[in-house]
Structures are given as structure tokens and as C-alpha cells.
Amino acid sequence: LRAPIASLQGWVADTKLAPDRLSELPPTGAAGRLASRLDLGRLGAFGHSMGGVTSGQFCLEDRRCRAGLNLDGIPQYGTMIDQRLSVPFLMVYSARPGRAGASDAIYRRAAPRYDRVNVQNTLHLDFSDMVLWGGPLRQGALGTLAPARAAEITRAIVLQYFDQELRGKPSPLLAGKE
């Protein structure tokens, strides 16, 4: 049990490092000009699998996080299990047997607002770029959705969720209208 928690702490530290370094860039170069246009005090964090678990922990630990999203990364662990988030959280579940709802109790208790999306005909890897690889990977590791459709659904969920939470633009998809 110690190794996964140590790994989670490392992944959260890596996640924090990106906005920390962006804020330190000199404004004269191209990267610095881009970084100066970002609102690094109002971040959304998301990830797939262990990246999703990391996003939950990052949102707990870093006040810059304003919303979190987990793409089929369960079970949630770390100090988030015993503490409360100050930001909304969205969990996206694949149709993998035994997965749906597996982290609901944690997120419902931890987040001030918790939403959940179940994506039918998907498996765990459908929320990653592996859906586009094809070949032998398609057998057993991916659901029955066409790769382009799985990518389209994932993009829509992520974009609409963060548009809603960070920009105040209501999501038709999350409201059940799409």
C-alpha cells in the first residue's frame, strides 16, 4: 500500500510543477508570452486512470484547482478519502464490469458538488489515445464504440465540463440535453 501512495504523491508533485514553472517563465520568449495569457490561479485538473486519481488529489492539495475530472480512474485513494475538496468533481465511468459507481461514495462525500457520467459501450482505454491505435489492442481492451466516436465523446465531456466550471458556460451534455 505504501508504494501507490508514494507514487500518487510524486504524480501530484509533478502536476503542481507544471503551473509553477509556467509562472516563472520570462515574458520575453514565446513560451513566456503564452504563459502570461493563462490564468494559473484558476486551473482545472483531469486525467485518465491513475491520472484521474491524481487530479482528485491535486485538487485537494492545490488551491489553484477550481474543478477536477477523473476519466475512469478508480479506486480513488490518498488523503482525499478522509478530507473534503473545495471544488466540484466529475467522475466518468466506462462500462467495464464492476466499475460504475465504485468511487461515488468518496466523491459524494468529498466534493461540494459531484457529478457522474457513464459512457456505454466503452472500456477503460477508450478514454485515452490508445483508442486510435487499433490493431491487436482492439481485442478486449477497448469497447465497441468506433475510435473516432470514443474520442469525440471524451473531448465533449472534458471540454463542456471545464467550460461549465471554469467559464460559467452551462453544459448541455452534462444537463442531459445532448
Side-chain angles (χ1 to χ4, degrees), residues 3-23 38-81 83-96 98-119 122-133 137 141-143 145 147 150-167 171 173-174:
I5 291 174
S7 297
L8 180 59
Q9 291 167 343
W11 295 326
V12 170
D14 289 345
T15 304
K16 290 177 181 181
L17 184 65
D20 289 347
R21 291 289 166 91
L22 284 170
S23 67
L38 302 175
D39 184 351
L40 297 173
R42 244 175 23 115
L43 301 175
F46 77 99
H48 170 255
S49 196
M50 292 311 302
V53 172
T54 301
S55 72
Q57 190 68 34
F58 171 78
C59 288
L60 177 71
E61 294 182 19
D62 196 301
R63 61 182 169 74
R64 295 173 292 188
C65 183
R66 297 293 190 256
L69 188 157
N70 182 337
L71 294 166
D72 206 42
I74 56 176
Q76 180 69 47
Y77 63 93
T79 58
M80 187 176 158
I81 291 174
Q83 296 180 16
R84 293 202 36 87
L85 285 168
S86 61
V87 301
F89 203 83
L90 174 66
M91 178 70 205
V92 180
Y93 288 105
S94 71
R96 187 163 39 151
R99 302 294 271 186
S103 288
D104 284 357
I106 294 166
Y107 295 134
R108 278 191 189 117
R109 184 204 47 75
R113 189 179 70 257
Y114 169 62
D115 295 301
R116 159 185 168 177
V117 173
N118 298 313
V119 184
T122 60
L123 292 177
H124 188 61
L125 295 180
D126 282 301
F127 301 109
S128 73
D129 63 350
M130 290 181 188
V131 71
L132 303 171
W133 292 8
L137 186 63
L142 299 169
L145 286 179
E152 176 186 23
I153 290 169
T154 302
R155 278 193 309 270
I157 291 169
V158 172
L159 179 61
Q160 287 190 33
Y161 179 69
F162 287 117
D163 273 352
Q164 176 177 287
E165 299 306 325
L166 301 177
R167 299 175 71 205
S171 165
L173 179 68
L174 298 175

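Keep in mind that what you see is a predicted model, and the values were worked out from it rather than measured.
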Okay, side chain of Gln160, backbone of Ser171: is any donor-acceptor separation there less than 3.5 Å?
no

Query - Residues Thr154, Val131; criterion side-chain contact (heavy atoms from CB on, under 4.5 Å); working and verdict - result: CA-CA 11 Å; Thr154 302; Val131 71; over 6 Å; no

* Heavy-atom distance under 4.5 Å between the side chains of Ile74 and Met91, does that happen here? -> yes

Could you check if a side-chain atom of Leu142 sits within less than 4.5 angstrom of a side-chain atom of Trp133, using non-hydrogen atoms only?
no

Nearest heavy-atom approach of Cys59 to Ala67 is SG-O, 3.6 Å

Between the CG atom in Asp115 and the CZ atom in Arg108, the distance rounded to the nearest 0.5 Å is 10.5 Å

Only residue of Asn118, Asn70, Asp104 satisfying side-chain hydrogen bond (donor to acceptor under 3.5 Å, both in side chains) with Tyr93 is Asp104

Between Gln76 (side chain) and Ile81 (backbone), is there a donor-acceptor pair under 3.5 Å? no

Rounding to 0.5 Å, atoms CG (Leu159) and CZ (Arg167) come to a distance of 8.0 Å

| Donor-acceptor contact below 3.5 Å, side chain Arg63 vs main chain Leu60 | no

Rounded to the nearest 0.5 angstrom, the CG-NE2 distance for Asp126 and His48 is 8.5 Å

Heavy-atom closest pair (Leu40 atom, Pro19 atom, distance to 0.1 Å) is CD1-O, 3.8 Å

Sequence neighbours excluded, the answer for ring pair (Phe, Tyr, Trp, His ring centres under 6.0 Å) partners of Tyr107 is Phe89, Tyr114

Check: Can you tell me if Asp72 uses its side chain to pair, donor with acceptor, with the backbone of Ser94 under 3.5 Å?
Finding: yes

Is there a donor-acceptor contact under 3.5 Å from the side chain of Arg64 to the main chain of Asp39? no

With the side chain counted from C-beta on, respond yes when Phe127 and Val119 share a heavy-atom pair under 4.5 Å apart, and no when they do not. yes

Residue set satisfying ring pair (Phe, Tyr, Trp, His ring centres under 6.0 Å) with Phe46, at least two apart, ordered chain then number -> Phe162

Tightest non-hydrogen contact, residues Gln164 and Leu174, listed as NE2-CD1, 4.2 Å

Interatomic distance, CZ@Arg99 vs CG@Leu123, rounded to 0.5 Å, equals 10.5 Å

Here the gap from Phe58 atom CZ to Leu85 atom CG, rounded to the nearest 0.5 Å, amounts to 12.0 Å

In this structure, OG1 of Thr54 is separated from CG of Asp14 (nearest 0.5 Å) by 9.0 Å

